[in-house]
There are 2 protein chains.
Amino acid sequence: MAAALRLADERGLENVTVENISEAADVSPRTFFNYFATKDDALLGGPLPHGPSMRDRLLAVPADVPLVPALLEAISADIAEIQRERDFWLLRLRVIRSNPSLLPVLVARGECAEQETVVAVAARTGLPTGDLFPQLAATLVGAAFRTAMMRWATAGDGRDLYDLVREAFGVLATGLATSAPTHEDIR
Amino acid sequence: MAAALRLADERGLENVTVENISEAADVSPRTFFNYFATKDDALLGGPLPHGPSMRDRLLAVPADVPLVPALLEAISADIAEIQRERDFWLLRLRVIRSNPSLLPVLVARGECAEQETVVAVAARTGLPTGDLFPQLAATLVGAAFRTAMMRWATAGDGRDLYDLVREAFGVLATGLATSAPTHEDIR
DNA sequence: TAAAAGTTTGCAGCCGCTGCAAACCTGGCC
DNA sequence: GGCCAGGTTTGCAGCGGCTGCAAACTTTTA
């Protein structure tokens, strides 16, 4: 993974072949594919920082906490983990940013987490899994998290990732309508 | 596109080669690639129903309309277009559903529209393009729209796509916190 | 020290995708 | 009809991603 990221960062993803990567990592190309199903996987396919299931984590939050803060709480361990490997993730996100074709792959990776979130939200709200709300909530949470992460990686200000996610989740909680108040605040 | 969709629907995407598709469409494989950059493109890559830019459409909505309804208004033409080609889109979405690898591709397709939405929201709210809010709003709108579409394609009830999108946008407007009221409503 | 179990590698081969140049239309003009 | 200019379609050669299989190698265990 390190070799793949370094090369992709240096010369751009399309100028890096699996042969290059495996050569830099001192293994045969065949071995590369023993560990990664895809070239892209070498860039994004690290083991997800996942302990207990989303469902369990979300239900572990006291029932009187509203949904969005509960979701934030449920993923806070992941956020901390990302910040612990800050440099690694910043490199990874820079590579994603400069190779837009990877963004969908990132989305795909988030998808299994998203499926878990559907179940988790359904469990917590008591709605059926097939309902619009849990599905919508899950994709929105995923989208908000991704946006916050990209922003964290891009913005020069050394803002805390947790802060950015909390801000994004704040918008999620109160809705787009009320959370563009900068407009009126300015007057 | 029709041949590709039919074959993918019949036997699953991984069992369909470009050669199969081009054969079914009575052209050479090389010609296939003159029209589609990618095999997936033949499934999702139809011309996007896009007239004027998102920015112009959004600014065309009277200024006193709140953001979310304005966004809904701005994309209503696209929604109508999709419903006009109902059968085609239902087939397309069924294929996407049964070939999860296509979902990220769908996201990628929406991305250029999303970039436009960032600009549009920034223009309408007066915030800078680089701000968190326009970016967040754009991804959330995209995610909500996609979720509504998948639901429209899946649910047996013949609900209007416009209705579903409006419901999803409603959640977006009022926030996740307040829009799972089913919970309290039941009591 | 030898067998068992696991890892790495080479090889052959399919498929997606591309650049290039030849073949083939098509419509307009003498 | 014959010819030319434009565009479209095709074949071909070739790269790179990816896979199944079986041989070579390494490590563990008894």
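Just so we're on the same page: letters track the sequence lines, and every chain starts at 1.
When the P atom of D:dG17 is taken as reference, atom CG of A:Leu102 falls 13 Å away, rounded to whole Å. Separating the CG atom of B:Asn20 from the P atom of C:dC14 is a distance of 14 Å, rounded to the nearest angstrom. What separates CD of A:Glu14 from P of D:dC15 is a distance of 19 Å, to the nearest Å. Rounded to an integer number of Å, the gap from B:Glu23 CD to D:dT10 C1' is 15 Å.
Of the possible polar contacts, one joining the A:Arg57 side chain to the A:Ala74 backbone as a donor-acceptor pair under 3.5 Å is found.
In this model, the phosphate group of C:dT9 is approached by a side-chain N or O of A:Ser28 to a distance below 4.0 Å at OP1 or OP2. Between A:Thr17 and the phosphate of D:dG16, there is no side-chain N or O to OP1/OP2 separation shorter than 4.0 Å.
Closest approach to the A:Tyr35 side chain among C:dT8, D:dG11, C:dT9 is made by C:dT8 (side chain taken as heavy atoms from C-beta onward).
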- prompt: For every nucleotide of nucleotides 18-24 of chain D, 5' to 3': is a protein heavy atom under 4.0 Å from its base (B), only from its sugar-phosphate (S), or from neither (-)?
  reply: BBBB---

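For B:Glu10 and B:Asn15, the side-chain atoms include no donor-acceptor pair closer than 3.5 Å. B:Asn34 and B:Thr31 form no side-chain donor-acceptor contact under 3.5 Å, judged by distance and modelled atom types alone.
Between A:Arg124 atom CZ and A:Leu59 atom CG the span is 7.0 Å, to the nearest 0.5 Å.
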Please report, to 0.1 Å, the donor-acceptor pairs under 3.5 Å made by any side chain of residues 135-151 of chain B, with sequence neighbours excluded.
from     : atom 1 : to       : atom 2 : distance (Å)
B:Thr139 : OG1    : A:Thr147 : OG1    : 3.0
B:Thr139 : OG1    : B:Gln135 : O      : 3.4
B:Thr139 : OG1    : B:Leu136 : O      : 3.0
B:Thr147 : OG1    : A:Thr139 : OG1    : 3.0
B:Thr147 : OG1    : B:Ala143 : O      : 2.8
B:Arg151 : NH1    : A:Gly130 : O      : 2.7
B:Arg151 : NH2    : A:Gly130 : O      : 3.0

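A salt bridge links B:Arg159 with B:Glu167: at least one charged nitrogen is closer than 4.0 Å to a carboxylate oxygen.
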